[in-house]
Amino acid sequence: HMGDPMTEYYYSPPAFDGYPVVGIDWWAARIFCTWRTTYLNNYRRSQNEFDMPSFRLPSEAEWEYASRGGRDMAKYPWGSPY
């Protein structure tokens, strides 16, 4: 199989730079939010600027609201019926 280049280099080409992240779980996303907040605020402190609020994942209610396109009682984002 010679290292199976498709598996080893699947995400390496620059064409994937604009794609969303795949293959991570909720815990990894939370850790990334913590790391990103620390990284940004350390930079801002070095520039004598105020800290920014923490990065975070949306709550279940926020996720559902966004998935419905901002329509509170709609079953589908484009309205009802389908």
Side-chain angles (χ1 to χ4, degrees):
H1 99 320
M2 302 297 286
D4 196 5
M6 183 64 170
T7 303
E8 275 190 50
Y9 303 114
Y10 187 75
Y11 299 111
S12 299
F16 286 104
D17 289 350
Y19 282 40
V21 175
V22 297
I24 63 167
D25 61 6
W26 182 78
W27 294 107
R30 295 251 340 235
I31 291 168
F32 176 80
C33 290
T34 302
W35 171 84
R36 186 65 178 100
T37 300
T38 303
Y39 184 81
L40 174 65
N41 286 332
N42 285 342
Y43 173 76
R44 290 183 60 86
R45 286 181 198 128
S46 74
Q47 302 296 314
N48 293 322
E49 297 177 1
F50 293 106
D51 284 357
M52 296 294 289
S54 297
F55 287 94
R56 65 178 183 84
L57 297 174
S59 68
E60 184 178 354
E62 291 167 333
W63 183 262
E64 185 175 338
Y65 180 80
S67 68
R68 291 175 188 244
R71 299 173 185 233
D72 285 332
M73 301 306 290
K75 187 172 183 179
Y76 304 103
W78 55 87
S80 293
Y82 69 95

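In this chain, residues are counted from 1 in sequence order. Only a predicted model underlies this, so the values are computations on that prediction, with no experimental measurement involved.
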ask   = Using links of under 4.5 Å between side-chain heavy atoms of ILVMFWY residues, direct or through other members, which residues join W63 in one cluster?
value = none
inquiry  = Taking ring-ring contact (aromatic ring centres under 6.0 Å, His included) as the cut-off, I'd like each qualifying pair that reaches into residues 24-56, sequence neighbours left out, listed once.
reply    = F32-W35, W35-Y39
ask   = Say you draw a straight line from CZ of R45 to CG of L40; how long is it, rounded to the nearest 0.5 Å?
value = 9.5 Å
task = Check M52 against N41 and note the closest heavy-atom contact, atom names and distance.
result = N-OD1, 2.7 Å
task = Take atom CZ of R44 as the centre, draw a 6.0 Å sphere, and report whether it contains more than 12 heavy atoms from other residues, nucleotides or ligands.
result = yes
query = Just wondering, are more than 12 heavy atoms of other shown residues or ligands nearer than 6.0 Å to CD in E60?
reply = no
